[in-house]
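Since we're looking at a predicted model, the values are computed, not measured.
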Amino acid sequence: LGLLNSGKTSIIEYLAGEYVFFFLIFSTSDINNPPIHTNGVVIRDLPFHNILFRFYDIGSFGANDSNVQESINSSNAAIYVIDGHTFQYNLKAFNELLETSSPSIVKRHLPIAVIINKAKDEATDNSQQQIEKAIESYFGSETKKKYIKMSQIDDSIFPVFQWIHDNAQ
């Protein structure tokens with residue numbers, strides 16, 4: 001789960017070994033060739049360290065509350081991907097996402113991983129505090145949580161998926 005351009009699909013592509021190829025072809029540095037946004041929900045099964053993960057890549061275009069709820073109800077964990085660089089501009093939308101998604105996650109006692117992507121500067125440290133405060137207010141202390149902050153998608157993402165495997169229902 002996450003807002004537009006937070007890196008949700010890019011993380012899945014990285015795990016699948018497709019990210020570098022995708023980035024070279026669809027570089028966001030070319031304004032005439034922007035990234036392709038996920039439309040609706042894309043379901044993808046990926047083996048990772050001998051564990052099969054099913055990802056529900058919920059796009060910002062074409063997804064609705066029923067898509068979110070159906071994906072959560074079919075999941076054993078939830079991952080929030082947040083753009084740490086633009087978080088301050090998207091605080092309202094992030095809270096709306098939490099308001100929509102958190103009741104089902106809390107009801108099902110799902111663990112959540114929070115990936116703060118594009119965390120490149122001091123502003124991200126302030127954003128991380130706001131993110132953790134918002135997550136705590138929506139999920140409380142009973143929900144298992146794992147936070148990771150990264151400046152770019154790389155191998156530092158791997159421990160999150162081991163944590164999910166160890167904590168998922």
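- By the side chain to side chain contact (heavy atoms under 4.5 Å, CB included) test, R54 is found to be paired with I43, D45, Y56, residues two or more places apart in sequence or in another chain being considered.
- Partners of T143 under the side chain to side chain donor-acceptor pair (under 3.5 Å) rule, at least two apart in sequence or in another chain, do not exist in this structure.
- Judged purely by atom type and a 3.5 angstrom limit, S104 has no side-chain atom pairing as donor or acceptor with the backbone of Q69.
- D154 is linked by a salt bridge (charged side-chain N to carboxylate O under 4.0 Å, His left out) to nothing, counting only residues two or more places apart in sequence or in another chain.
- Side-chain contact check for M150 versus I116: every heavy-atom pair is 4.5 Å or farther apart.
- Taking 4.5 Å as the limit, every side-chain heavy atom of W163 sits out of range of all side-chain heavy atoms of I148.
- Rounding to the nearest 0.5 angstrom, the gap separating the NZ atom in K149 from the CD1 atom in I82 is 12.5 Å.
- Inter-residue side-chain proximity for N90 and F94 is flagged as unmet; no heavy-atom pair is nearer than 4.5 Å.
- To the nearest 0.5 Å, the span separating CD on Q152 from OG on S10 amounts to 12.0 Å.
- Here the closest non-hydrogen pair linking S75 and L110 is O-CD2, 3.6 Å.
- Remark: S101 engages Y80 in a side chain to side chain donor-acceptor pair (under 3.5 Å) (not counting sequence neighbours).
- Of the options L52, L15, I51, a side-chain contact (heavy atoms from CB on, under 4.5 Å) to L46 is made by L15 and by none of the others.
- V160 is not listed as a side-chain neighbour of I11, based on a closest heavy-atom distance of 4.5 Å or more.
- Remark: N50 engages no residue in a side chain to side chain donor-acceptor pair (under 3.5 Å) (not counting sequence neighbours).
- Scored by the side chain to side chain contact (heavy atoms under 4.5 Å, CB included) test, D166 finds Q162 as partners (sequence neighbours excluded).
- Every side chain to side chain contact (heavy atoms under 4.5 Å, CB included) that S151 has, sequence neighbours left out, goes to K120.
- Contacts of E132 classified as side chain to side chain donor-acceptor pair (under 3.5 Å), with partners at least two apart in sequence or in another chain: Q128.
- Annotation: ring-ring contact (aromatic ring centres under 6.0 Å, His included) contacts of Y138 (sequence neighbours excluded): none.
- Scanning all heavy atoms of the two residues, the minimum distance from A16 to R44 falls at CB-NH2, 3.4 Å.
- Rounding to the nearest 0.5 angstrom, the gap separating the CD atom in E96 from the CG atom in L3 is 9.0 Å.
- L1 has its side chain out of reach of K8: every pair of non-hydrogen atoms, C-beta onward, lies at least 4.5 Å apart.
- In this view, F161 and F48, F53, F55 satisfy the ring-ring contact (aromatic ring centres under 6.0 Å, His included) rule, not counting sequence neighbours.
- Considering CD1 of I131 and CG of L91, their distance stands at 9.0 Å, rounded to 0.5 Å.
- Of all heavy-atom pairs spanning N117 and G7, the tightest one is ND2-CA, 3.8 Å.
- Pairs passing the salt bridge (Lys or Arg N to Asp or Glu O under 4.0 Å) check and including a residue from residues 68-91, sequence neighbours excluded, read D83-K118.
- Nearest heavy-atom pair across S141 and E136 is N-OE2, 3.2 Å.
- Residues satisfying the salt bridge (charged side-chain N to carboxylate O under 4.0 Å, His left out) criterion with K144, sequence neighbours excluded, are absent altogether.
- Rounding to the nearest 0.5 Å gives a distance of 9.0 Å between CD1 of I72 and OG1 of T100.
- The minimum heavy-atom distance between I135 and K145, with the atom names listed, is CG2-CD, 3.7 Å.
- Across all non-hydrogen atoms, the minimal contact from S127 to G84 is OG-O, 3.8 Å.
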